[in-house]
Amino acid sequence: MINRSLKELGAALAEKRISSVELATLFVERIERLNPTLNAFITVDKGKTLAMAREADQRLASGLAGPLTGIPLAHKDIFCTEGWLTTCGSKMLSNFVSPYDAHVVSRMKLAGLVTLGKTNMDEFAMGSSNETSFYGPVKNPWDTARVPGGSSGGAAAAIAARLAPAATGTDTGGSIRQPAALCGLTGLKPTYGVVSRYGMIAFASSLDQGGPMAKSAEDCAYLLSAMAGFDPRDSTSLDRPNEDYGRDLEKPLAGLTIGLPREFFGTGMAADVRSAVDAALAEYRKQGAVTVEVSLPNSGLSVPAYYVIAPAEASSNLSRFDGVRYGYRAPEYADLSDMYCKTRAQGFGAEVKRRILIGTYVLSHGYYDAYYLQAQKIRRLIANDFVEAFRHCDIIMGPTAPSTAFAVGAKSDDPVAMYLSDIYTIAVNLAGLPGMSIPCGFGEGNLPVGLQLIGNYFEEARMLNVAHRYQLATNWHKRMPENL
Ligand code: GLN
């Protein structure tokens with residue numbers, strides 16, 4: 001059961017081969033056994049989980065169930081969950097029991113998914129290794145001396161170790177795709193505005209986007225279809241018709257043009273990542289796709305631009321800390337007061353403090369034009385690069401991360417080295433495009449490698465189709481870590 005796809009789990013539940021209570025119990029018991037080693041969950045509540053599973057069983061018995069009813073799901077602890085502790089990986093929220101559900105959480109409940117718990121994450125989603133969490137680092141199930149990636153590292157470790165069939169994640173600069181790559185999973189960041197940010201604690205509001213993390217593209221299609229949709233409570237939520245993101249999964253790929261950005265295939269990529277990515281591209285050519293070189297000439301500026309824009313937005317979000325408790329809110333309070341920094345800063349970890357200082361500095365009088373405005377102009381150039389590239393291809397591919405999972409502690413004292421973990425993912429957030437990571441092999445030390453797919457705006461269904469066809473021909477996504 002622990003290796004089954006969501007479709008298979010749905011069928012097993014519908015045919016009464018297993019009950020939702022039995023299924024939830026199976027995962028809860030794995031969490032009890034393995035979480036002390038992995039630290040993937042911050043909060044589990046067996047009583048609440050089983051109560052939801054019992055409700056799902058009633059729904060299944062009454063014939064009112066949907067395809068996901070009764071399947072367990074973990075939520076990243078950035079999503080407000082009514083009656084559950086919601087910490088965002090921070091001491092600042094260590095006693096915050098949310099009085100309401102994030103939009104994503106209510107959508108998942110509506111679909112009948114059963115909440116397994118809240119997963120560990122970098123504090124306020126700032127990080128690429130899960131080492132900044134107030135609740136301690138998460139271990140990568142493929143090698144517990146290594147990081148799972150971040151910031152959705154708890155979600156990634158949980159799925160990789162089969163403590164949960166799937167999870168929600170968020171991606172501001174790579175936080176769904178990079179941990180998915182480092183843990184051998186499939187993760188999708190939607191087009192900005194497709195998934196509501198209501199009740200998703202803000203990091204950088206113009207970049208943040210929630211999305212699914214699971215074992216396969218097919219699983220992600222089911223989850224995204226349940227999660228996406230217009231929500232008037234998020235002013236950037238897009239009012240578009242609901243989609244079945246799995247509608248094109250099976251379409252053959254003959255005639256597909258894959259763009260390979262010259263800038264993504266340079267010296268930055270480790271040799272083992274490179275050979276796995278090359279082999280994946282060969283598989284796509286075998287299926288009838290053609291590859292063409294494209295260029296994203298400004299992508300080299302994406303990390304510096306991001307580390308002006310994201311901290312600027314984060315510092316204004318965190319400065320109205322009481323707003324943080326209620327997830328996304330309109331920016332009523334724009335000031336960054338000294339008093340706030342002095343009285344609140346003690347509660348934050350070192351990385352969050354660093355971001356607040358950078359953000360406050362780049363927004364301050366006299367520096368705003370030189371840094372913040374400049375970064376916004378670069379952001380536009382980066383988005384334009386993609387518009388041009390998509391005139392020559394249907395989808396863009398490259399590595400998700402420059403290396404496989406690195407050792408715990410290897411980059412924690414070197415912020416710039418850490419920030420470069422997202423060198424291939426950040427431009428996608430700056431442009432607001434959809435992106436995915438899918439497992440495409442193993443590198444040195446039997447560590448997973450991720451292939452990144454970048455679609456044009458609103459082309460999630462196409463991207464999932466391209467990912468699914470690869471997963472029909474390969475088994476990388478079915479592997480799980482041994483010795484667990
Ligand atoms: N690693 C990046 C950062 O630290 C991105 C994090 C994210 O996507 N939430 O900001």
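When a ligand or atom number is given, it counts from 1 through the structure's own listing order. Just the heavy atoms: all of them, side chains too, but no hydrogens, waters or symmetry mates, feed the values below.
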Mind checking what residues have non-hydrogen atoms under 4.0 angstrom from ligand 1?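 Answer by chain and number: Ala125, Met126, Gly127, Ser128, Ser151, Asp171, Thr172, Gly173, Gly174, Ser175, Phe203, Tyr306, Tyr307, Arg355, Asp422.
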[X] and [Y]: which non-hydrogen atoms are nearest, and at how many Å?
| X | Y | result |
| --- | --- | --- |
| Trp142 | Ala160 | NE1-CB, 4.2 Å |
| Ala467 | Ala217 | CB-CB, 3.6 Å |
| Thr404 | Asp272 | CG2-OD2, 4.0 Å |

Is the ring pair Tyr470/Tyr284 parallel, tilted or perpendicular, if the boundaries are 30 and 60 degrees?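 If you compare the ring of Tyr470 with that of Tyr284, the planes turn out parallel.
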Tell me if a side-chain donor or acceptor on Asp219 pairs with a main-chain N or O of Ser5 at a distance below 3.5 Å.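 Judged by distance alone, no pair lies under 3.5 Å.
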Please output the side-chain donor-acceptor pairs of residues 415-423 that fall under 3.5 Å, not counting sequence neighbours, one pair per line with the distance.
residue : atom : partner : partner atom : Å
Tyr419  : OH   : Glu351  : OE2          : 2.6
Ser421  : OG   : Met418  : O            : 2.8
Asp422  : OD2  : Ser128  : OG           : 3.0

